[in-house]
There are 4 protein chains.
Amino acid sequence: MDFQSKKAIYLQIADFVCEQILLKKWKGKEKIPSVRELAISLEVNPNTVMRTYTFLEEKNIIDMQRGIGYFVSDSAYDNIIDFKKHEFLTLDLPQIFRSMDLLHINLDHLKKLYNERTR
Amino acid sequence: MDFQSKKAIYLQIADFVCEQILLKKWKGKEKIPSVRELAISLEVNPNTVMRTYTFLEEKNIIDMQRGIGYFVSDSAYDNIIDFKKHEFLTLDLPQIFRSMDLLHINLDHLKKLYNERTR
Amino acid sequence: MDFQSKKAIYLQIADFVCEQILLKKWKGKEKIPSVRELAISLEVNPNTVMRTYTFLEEKNIIDMQRGIGYFVSDSAYDNIIDFKKHEFLTLDLPQIFRSMDLLHINLDHLKKLYNERTR
Amino acid sequence: MDFQSKKAIYLQIADFVCEQILLKKWKGKEKIPSVRELAISLEVNPNTVMRTYTFLEEKNIIDMQRGIGYFVSDSAYDNIIDFKKHEFLTLDLPQIFRSMDLLHINLDHLKKLYNERTR
DNA sequence: GTGGTCTAGACCACC
DNA sequence: GTGGTCTAGACCACA
């Protein structure tokens, strides 16, 4: 990770964690890296990771067990899908379609780009 | 306009101005609202509109004529299209496709939503 | 304020803010002290007040306006009452009644203490 | 027991032990479960139960007999009552009355809830 | 002036 | 070892 985007680092880390879960690299009920571990491996301050974990706990994506660590919550996968899908459909998509109209990009054009993309 | 999003207000206003131009509501070489007028109608601080206009002037989308006001530049329409298209294709689109993959939304689904959208 | 209790300072400050609103000292739509101001007057680090304000914003008790400051939200009073009442009835009260039973304190005794309290 | 509250687990276990004694389930001079037994039945780390027992021993609520186990102390019942009552009257009650005032809950309301409670 | 983020480092309670 | 809180100080973007 390089944190180039303008987005706050702690949110980029949150996205990273969600992605690990969506990709099933970190599965339900599994322990995730400790605050300090992740901070070292991402080369950021532990406070920043702490902020990410607190943020994700409020969203019921991870759970804390006193003195043990953080765990992927039972409903993490579904929660993330629900949350992100809702965000995508109500916030991102309307703007995408708006841009397409203004820029005169139609669906066929998009389809072509979609199939050509580097996956 | 309500400026609810987290995006900076001056950038939201810039988007608004660009949209007026793309929609040909404000055409080439036409005078656009003065800083003060726009500030009043949008209920924001004139400094904020000033910042928008300075920003757009740097991007050669509007021109200033001292003592007269701001005008849509000759090449405004093409400039906006070029800039926005480039941004859309290289920044937005890859993210969109990434989200679609993670959320298991395919092109057919997108097509359906596109055709159903409220324009 | 002296922050004697074991509760985190940022939560004690949150309680303080809620109290100002419940007591109608800070009314709806009114600007509340800036992060820095409150930090100085309470003699704590600005980060601590920031944390309080972020916490209260998530609970829809205060609103932020970019570059201007924080404001008591429209529904702050009702939100606080709802939230605190729910907490009191479902969390505090059962424990209180449990303690009373175990300690053989009955309602008449409580009533006496209630009427004698220093208000 | 599920230890959901934010209170330290060892203190929640201490409360549990005190309750057994107040309810006379564990009577004076009787042997109480060994650290290991209780740890297994509560599904916690033995260290945590150990801490509870040490804590209660300091408060003269239980006594240790080397090589034999822990016992309810002679004065346990009275000690607990005294301690908890003092805590309840000087710490909990003022807060309760304060909350009641702020939330506009009066004694009659409380009385009704008290009589309706699930015992 | 406002809020927001990040780092560095410390200290604490807990398991 | 774990998380949680707090301070101090810096830097940034925004109104």
Side-chain angles (χ1 to χ4, degrees), chain A residues 3 5-13 31-39 42-57 62-71, chain B residues 3 5-14 35 39 42-52 54-55, chain C residues 3 5-13 31-39 42-57 62-71, chain D residues 3 6-14 39 42-52 54-55:
Chain A
F3 310 119
S5 118
K6 282 180 190 171
K7 214 173 180 178
I9 293 180
Y10 82 96
L11 290 177
Q12 295 185 53
I13 299 176
K31 187 174 179 303
I32 64 176
S34 78
V35 172
R36 286 162 176 79
E37 273 173 19
L38 194 55
L42 296 181
E43 296 181 299
V44 297
N45 190 289
N47 282 333
T48 305
V49 175
M50 186 71 234
R51 202 166 170 181
T52 300
Y53 280 11
T54 307
F55 174 78
L56 291 175
E57 196 187 12
I62 60 178
D63 292 323
M64 194 264 296
Q65 288 186 31
R66 300 183 69 94
I68 302 182
Y70 280 92
F71 295 75
Chain B
F3 311 115
S5 121
K6 283 180 187 167
K7 209 172 178 179
I9 294 179
Y10 85 96
L11 289 177
Q12 295 184 53
I13 299 175
V35 170
L42 296 180
E43 294 180 302
V44 296
N45 191 304
N47 286 333
T48 306
V49 176
M50 190 63 227
R51 194 160 178 175
T52 300
T54 307
F55 172 77
Chain C
F3 310 119
S5 120
K6 283 179 190 171
K7 213 172 179 179
I9 293 180
Y10 82 95
L11 290 176
Q12 295 185 52
I13 299 176
K31 188 174 179 302
I32 64 177
S34 78
V35 172
R36 287 163 176 79
E37 273 173 19
L38 194 55
L42 296 181
E43 296 182 299
V44 296
N45 190 290
N47 282 332
T48 305
V49 175
M50 188 70 235
R51 203 166 170 182
T52 300
Y53 280 10
T54 307
F55 173 78
L56 291 174
E57 196 186 13
I62 58 177
D63 292 324
M64 194 263 296
Q65 287 187 32
R66 300 183 68 95
I68 302 181
Y70 281 93
F71 295 74
Chain D
F3 310 116
K6 282 180 188 168
K7 209 174 179 177
I9 294 179
Y10 84 97
L11 289 177
Q12 294 185 54
I13 299 176
L42 296 180
E43 295 181 301
V44 297
N45 191 305
N47 286 333
T48 306
V49 176
M50 190 64 227
R51 194 161 179 177
T52 301
T54 307
F55 173 77

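Below, read A as the first sequence line, B as the second, and so on, with proteins coming before strands; counting in each chain starts at 1.
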Check your understanding: For C/V35, which of C/T52, C/T54, C/V49 qualifies under side-chain contact (heavy atoms from CB on, under 4.5 Å)?
Key ->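 So, applying the side-chain contact (heavy atoms from CB on, under 4.5 Å) to C/V35 and each of C/T52, C/T54, C/V49, only C/V49 qualifies.
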Hey, does [Y] have a side-chain heavy atom less than 4.5 Å from the side chain of [X]?
X     : Y     : value
C/F71 : C/I62 : no
C/Y70 : C/E57 : yes
A/V44 : A/F3  : yes

In whole angstrom, what separates [X]'s [atom1] from [N]'s [atom2]?
X     : N      : atom1 : atom2 : answer
C/Y70 : E/dG4  : OH    : C1'   : 8 Å
A/D63 : F/dT2  : CG    : C1'   : 16 Å
A/M64 : E/dC15 : CE    : C1'   : 12 Å
C/I32 : E/dT2  : CD1   : P     : 13 Å
A/F3  : E/dT5  : CZ    : P     : 15 Å
D/K7  : E/dA13 : NZ    : C1'   : 15 Å
A/M50 : E/dT5  : CE    : P     : 16 Å
C/Q65 : E/dG1  : CD    : C1'   : 15 Å

Practice item. For B/Y10, answer base if it contacts any base atom (sugar-phosphate contacts may also be present), sugar-phosphate if it contacts only those atoms, and nothing otherwise; contact means non-hydrogen atoms under 4.0 Å. Key: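 Sugar-phosphate: the residue B/Y10, judged by heavy atoms under 4.0 Å, touches backbone atoms but no base.
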Review point. Within the structure shown, what part of the strands sits under 4.0 Å from D/N47 by heavy-atom distance: base, sugar-phosphate, or nothing?
Key: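 It contacts nothing in the nucleic acid.
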Practice item. Indicate, yes or no, whether a donor-acceptor pair under 3.5 Å links the base of E/dG1 to the side chain of C/R36. Key: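 By the distance-only test, no, there is no pair.
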Would you indicate, yes or no, if [N] has its OP1 or OP2 atom less than 4.0 angstrom from a side-chain nitrogen or oxygen of [X]?
X     : N      : result
D/R51 : E/dC14 : yes
A/Y53 : F/dT2  : no
A/R66 : F/dT2  : no
C/T48 : F/dT7  : yes

Point to revise | Point-to-point distance, once rounded to the nearest 0.5 Å, from OG1 of B/T48 to CG of B/L11 | key: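 With rounding to 0.5 Å, OG1 (B/T48) is 11.0 Å from CG (B/L11).
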Review point. Toward the 5' end of DNA chain E, which comes first, A/P46 or C/E57, by nearest nucleotide?
Key: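 The answer here is C/E57.
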Practice item. Using the closest heavy atom to pick a nucleotide of DNA chain E for each, name whichever of A/Q12 or C/P33 lands nearer the 5' end. Key: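 Its nearest nucleotide being more 5', the pick is C/P33.
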Check your understanding: With both distances kept under 3.5 Å, what pairs with E/dA8, Watson-Crick or G-U wobble?
Key ->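 Pairing partner, where one exists within any strand: F/dT7.
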**Study point:** DNA chain F: 5'-proximal contact among B/I9 and C/A8 (nearest heavy atom)
**Key:**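 Result of the comparison: C/A8.
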Point to revise | From E/dG4, E/dT7, E/dT2, nucleotide with atom closest to A/N45 side chain | key: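 The answer is E/dT7, which lies nearest to the side chain.
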